[in-house]
Amino acid sequence: MADEAVAEPASQNPQKPQSPREPQGSRSPDAPPRGGERGGKRGGDRGDEQAQGEADAHDGPEAGDDEAAERAKERERAADRIKDLTRDPLAEEDGEDGPTDLAAAARARRAGRKLLTSGRDFTSFDRSRIGHAHIGDINVSLDARRSGVAMRGGPVPEEELRRLRRAHVEPAGYVRLRRALESRRLLVLGGAPGTGRTSTALALLDEVTRDGAGDGGRVRRVDPHQGEGVRGLVGEVNGGEGGERRGTGYLLELALDRPGTLPPDEMDLDQLASTLAEGDAYAVVVVSVGSAANPLLAGRYGMVCPPAPSQELVTVRLRERLEEARDHEALERAARIAEDPEVIEAVGLDDLRPAEAELLASLLAEHLLGSLSREELLSGCRSIAAVQAHEWFAGVDRALAAAPSSGDGRTPVRSATAALFHPVAFRIALAVLGGGSHSAVSAAAHLLTWELSVQSDPDSTPSRPLFCDDPDSDRALSRARSDDGAIDVAGTEVTGQLIFYRGSALPAAVLAEIWDRHFPVRAPVVRWLRLLADDPRPQVSVRAAVAAGELSVRDFEYGFGELVRPLAEASSPRRRVFAATALDQVAGHASHRKAVRKVVDDWSRYGTASLRWTAAMTLGHGRAADSVDAALDALARIGVRDQGRQLAVASLNVVRLLTLPECATVLRRLGQWAEHRREEYQDLALVTIVRLATTGVDEVLDDEPGTPLGDRGDWPLLLALAVTRPELTGTLADLLWTALNTARSRDVAFDALEALLRSASRGERGEGGERGEGGERGEGREGREGGDRMRPGLAALLPALTSDEHDRQQLEWLLRRMMRDQDRPLTTEQASALWRLAVPARQRRSDEEESHG
């Protein structure tokens with residue numbers, strides 16, 4: 001296209017242009033030039049119009065006119081069918097133009113896989129291995145106990161207090177806690193179980209009572225089940241078993257999460273403080289953070305206990321363990337081992353609680369002393385997260401077995417069932433949806449709370465207060481953290497609050513605990529996951545599918561029967577995508593890959609329409625077949641069956657396979673299908689080629705940024721492949737040429753090529769950087785920068801696509817049509833730039849010489 005050929009302003013002629021050098025006749029003025037042969041090959045119905053015209057000459061004019069009209073209608077129906085097949089097959093439940101965000105789904109799947117498969121041996125960890133390691137005298141309880149349930153009253157031995165003084169690590173704000181206790185005599189100390197709150201309480205009481213009563217009576221634990229909690233403590237301070245105890249420190253741990261337990265009010269605390277002052281005594285009441293304890297912690301006596309620093313905890317415990325060895329270099333070697341990336345990954349926790357720090361220090365010390373091999377050390381490190389998960393869930397609903405009577409002696413009172421299960425449900429929801437938005441995790445937790453409550457007490461309707469949620473308590477009780485991050489909303493990213501576990505090992509440990517050790521929990525969790533499968537947000541449904549796959553690995557018979565197979569046969573595409581994602585997650589484990597491949601192969605051959613659809617979606621991930629060739633065979637089998645009823649979903653998953661290293665194999669197969677005798681195979685090739693040109697990298701890629709394709713997530717896949725795999729550019733151009741020069745795919749192929757041209761001339765693919773109508777991107781700053789980045793893709797593809805005069809005529813016609821587009825006209829400068837990309841300067845001079853000659 002010469003520069004003067006595109007100089008005419010679009011506003012002078014709003015009509016679509018006549019094809020360049022195309023003689024006037026019966027063809028539509030906006031139709032592209034007819035295609036010819038390329039490389040001596042024809043594909044599909046290319047060139048059939050000429051043969052049909054010669055056949056018409058032998059018939060009468062009337063018969064010829066009727067047959068020509070019928071053939072025209074047939075070609076129009078074929079073109080409409082190709083256009084329908086290139087639409088998103090996942091959007092059919094939302095209507096013809098219902099949007100689905102494949103890019104958000106791909107990102108959610110990557111995040112879910114990273115969350116649950118971070119290099120850990122998820123399926124084979126045996127908690128008993130820690131007992132076989134012969135660690136030595138490790139005074140750490142590895143079994144769960146509910147706070148306050150097993151605590152007995154009585155004096156704290158001085159030996160224990162001396163050890164506490166030697167080993168206790170003061171948390172941040174410890175001095176402030178001590179001053180508050182000294183001034184008020186009473187301190188309500190809140191913290192999550194296991195954070196060292198009890199040790200801190202004992203350390204505080206040990207300091208403030210150092211000059212008080214002696215001989216075992218200076219610091220006393222108060223049994224929470226004896227008396228009436230705080231009111232009972234008032235009586236003990238006043239009298240006790242041997243009269244008044246002056247200068248004594250009292251530790252009381254209250255379990256406020258049990259049904260029927262009410263927190264003390266402010267008047268009770270004032271009375272206790274007054275009694276303590278009269279007896280020159282002190283008391284620390286330890287409570288778990290949560291909605292029930294919030295009024296106490298917000299009052300004049302309440303303070304939150306911060307956790308002790310992890311590294312200092314480990315160092316102190318190591319120093320204790322290595323004192324007897326008298327090896328001055330041992331502590332430095334232990335510190336180096338603790339910083340080993342493999343050890344850090346095995347522990348999988350961002351910060352350690354006191355008991356965990358003691359366990360890790362013991363493991364490191366025994367490994368240094370030769371008692372533990374490295375394998376046993378890593379196994380012991382992996383046990384830490386498993387122990388935490390066990391403590392979270394063991395005996396949660398034990399209190400319900402002895403629920404208080406309603407007064408008539410027959411009906412138990414279980415009004416607090418939902419409140420009891422909410423922390424448990426939040427931990428499970430965080431394990432499944434961690435890394436997503438805080439609101440999504442909270443909503444999913446409430447759904448699961450309902451399911452758990454109904455399963456526990458099917459005769460009662462669960463009730464839950466509406467204004468008692470406390471995000472800070474949820475995070476503290478679940479070892480979670482929040483951070484600002486990007487959230488996918490309606491095809492775009494916005495900033496929101498994300499929530500994560502404080503450690504990569506906790507999600508897998510939580511799922512393993514509930515699935516392996518608490519069988520009755522499976523039924524409500526399965527119902528809950530099915531509800532999440534219907535969520536329109538990919539960050540919810542896709543992450544839940546990944547978790548469902550991991551659960552199925554632990555018991556494939558149960559997971560397949562209760563989760564995968566029922567959803568694979570569902571009428572909703574969203575549920576079938578859930579089943580396919582879960583199956584692919586199972587296939588990621590070598591132990592189950594053969595079983596998944598057998599299932600998918602059977603579905604592709606003998607399954608119902610829904611099962612074949614699900615099989616196609618599973619095959620697109622690249623792990624559900626023995627090879628790429630086998631996956632393509634299965635996809636072709638699905639796509640051509642029943643007159644191509646599921647050709648759209650098959651073509652989508654062929655495109656997804658193009659992101660694999662075996663991309664050349666996929667392109668070779670597309671060429672074979674394009675030349676196949678059967679029209680269904682030709683259509684599969686044509687639809688796949690067009691979909692390749694209209695699909696973005698971020699919609700189909702599983703790789704993280706940092707790979708050649710991953711760094712081009714905002715590119716059309718066709719352009720990205722042309723740049724990252726230059727040896728395939730010719731094949732890509734030949735395939736696109738085939739679609740452009742086949743009658744039934746010509747229109748939609750030219751639309752796809754127009755979208756590619758606009759992606760580099762105006763911006764990525766949507767107005768102002770957002771996805772707009774037609775798949776293009778606008779002229780915002782980000783769009784222009786993205787378009788500039790994509791120009792190398794067009795510079796590689798277009799010259800191969802326009803190798804002869806006829807091809808350049810088609811490109812010129814398309815550029816003119818884009819210039820005269822009334823809604824989004826292409827400027828002369830943009831059209832000239834695209835022409836120069838397609839036709840090198842040497843070729844332009846040659847064309848000009850031929851024209852003048």
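- Across all non-hydrogen atoms, the minimal contact from Ser610 to Arg576 is O-CD, 3.6 Å.
- Residues Thr827 and Gln830 bring a donor and an acceptor atom of their side chains to less than 3.5 Å of each other.
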| Where do Asp488 and Arg537 land on the salt bridge (charged side-chain N to carboxylate O under 4.0 Å, His left out) test, with the steps shown first? | CA-CA 8 Å; Asp488 289 299; Arg537 296 167 296 179; over 6 Å; no
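- Taking a cutoff of 4.0 Å between a charged side-chain nitrogen and a carboxylate oxygen, Arg612 and Asp642 qualify as a salt bridge.
- A salt bridge links Arg808 with Glu805: the closest approach of a Lys/Arg side-chain nitrogen to an acidic carboxylate oxygen falls below 4.0 angstrom.
- In this structure, the separation between CD on Glu699 and OG1 on Thr659 is 12.5 Å, given to the nearest 0.5 Å.
- Residues forming a salt bridge (charged side-chain N to carboxylate O under 4.0 Å, His left out) with Asp601 (at least two apart in sequence, or on another chain): Arg605, Arg637.
- Applying the side chain to side chain donor-acceptor pair (under 3.5 Å) criterion to Ser651, with sequence neighbours excluded, gives Arg691.
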| said: Checking Gln682 against Arg744 for the side-chain hydrogen bond (donor to acceptor under 3.5 Å, both in side chains) test, could you report, in this order, the C-alpha distance in whole Å, the side-chain angles of both residues, the deciding distance, and whether it holds? | reply: CA-CA 11 Å; Gln682 297 173 15; Arg744 60 184 183 273; 2.8 Å; yes
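- Salt bridge annotation for Asp751-Lys83: absent, with no cationic side-chain nitrogen under 4.0 angstrom from a carboxylate oxygen.
- Val577 places none of its side-chain heavy atoms less than 4.5 Å from the side chain of Thr614.
- For Arg712 and Trp715, the positive end sits near the middle of the six-membered ring, less than 6.0 Å away and at most 45° from its axis.
- Looking at Thr694, its side chain does come within 3.5 Å of a backbone N or O of Val690 through a donor-acceptor pair.
- Glu493 places none of its side-chain heavy atoms less than 4.5 Å from the side chain of Ile487.
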| Could you walk me through whether Ile82 and Arg77 pass the side chain to side chain contact (heavy atoms under 4.5 Å, CB included) check? | CA-CA 9 Å; Ile82 294 294; Arg77 286 193 292 268; over 6 Å; no
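- With rounding to the nearest 0.5 Å, the separation of OG in Ser759 from CZ in Arg789 is 11.5 Å.
- A salt bridge is absent between Arg81 and Glu680; no separation between the charged side-chain nitrogens and carboxylate oxygens falls under 4.0 Å.
- Pairing each heavy atom of Tyr681 with each of Ala636, the nearest pair is CE2-CB, 4.0 Å.
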| request: With side chain to side chain contact (heavy atoms under 4.5 Å, CB included) as the test, would you mind laying out the steps for Arg641 and Gln646 before giving the verdict? | output: CA-CA 8 Å; Arg641 182 171 172 176; Gln646 295 183 335; over 6 Å; no
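- Between Ala616 and Val649 the shortest heavy-atom distance is CB-CG1, 4.2 Å.
- For Glu679, the side chain to side chain donor-acceptor pair (under 3.5 Å) test picks out no residue, with sequence neighbours left out.
- Annotation for Ala722 and Ala796: closest pair O-CB, 4.0 Å, computed over non-hydrogen atoms.
- Under the 3.5 Å distance criterion, the side-chain polar atoms of Asn741 are matched with a main-chain donor or acceptor of Trp737.
- Between Arg71 and Glu74, none of the side-chain N atoms (NZ, or NE/NH1/NH2) sits under 4.0 Å from a carboxylate O, so this pair counts as no salt bridge.
- Leu797 is not listed as a side-chain neighbour of Val723, based on a closest heavy-atom distance of 4.5 Å or more.
- Note that CE of Met818 is 6.5 Å distant from CG of Leu834, once rounded to the nearest 0.5 Å.
- The backbone N or O of Ala739 sits less than 3.5 Å from a side-chain atom of Ser745, completing a donor-acceptor pair.
- Without hydrogens or angle criteria, Arg597 side chain to Arg623 main chain gives a donor-acceptor distance under 3.5 Å.
- Rounding to the nearest 0.5 Å gives a distance of 11.0 Å between CG of Leu815 and OG1 of Thr828.
- Judged by distance alone, the side chain of Arg543 and the main-chain N or O of Gln539 form a donor-acceptor pair under 3.5 Å.
- No side-chain heavy atom of Arg574 sits less than 4.5 Å from a side-chain heavy atom of Phe578.
- Considering only residues two or more places apart in sequence or on other chains, Gln643 meets the side chain to side chain donor-acceptor pair (under 3.5 Å) condition with none of them.
- Taking 4.5 Å as the limit, every side-chain heavy atom of Leu670 sits out of range of all side-chain heavy atoms of Thr731.
- Distance check: Thr729 OG1 to Leu798 CG gives 11.0 Å after rounding to the nearest 0.5 Å.
- In terms of the side-chain contact (heavy atoms from CB on, under 4.5 Å) criterion, residue partners of Arg669 (sequence neighbours excluded) are, by chain and number, Asp629, Leu632, Asp633, Gln672, Trp673.
- The neighbour count for Arg645 CZ, taken as heavy atoms of other residues, nucleotides or ligands under 6.0 Å away, does not exceed 12.
- The nearest pair of heavy atoms linking Leu717 to Leu658 is CD2-CB, 4.3 Å.
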| message | Would Arg75 and Glu70 count as a salt bridge (charged side-chain N to carboxylate O under 4.0 Å, His left out) here? Give the steps. | response | CA-CA 9 Å; Arg75 287 193 295 271; Glu70 183 61 31; over 6 Å; no
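- Gly620 approaches Leu657 most closely through the heavy-atom pair O-CD2, 3.8 Å.
- For the pair Leu794 and Leu719, the minimum side-chain heavy-atom distance is below 4.5 Å.
- Note that CG of Leu718 and CG of Leu721 are 7.0 Å apart. Values are rounded to the nearest 0.5 Å.
- Partners of Arg656 under the side chain to side chain donor-acceptor pair (under 3.5 Å) rule, at least two apart in sequence or in another chain, are His621, Asn653.
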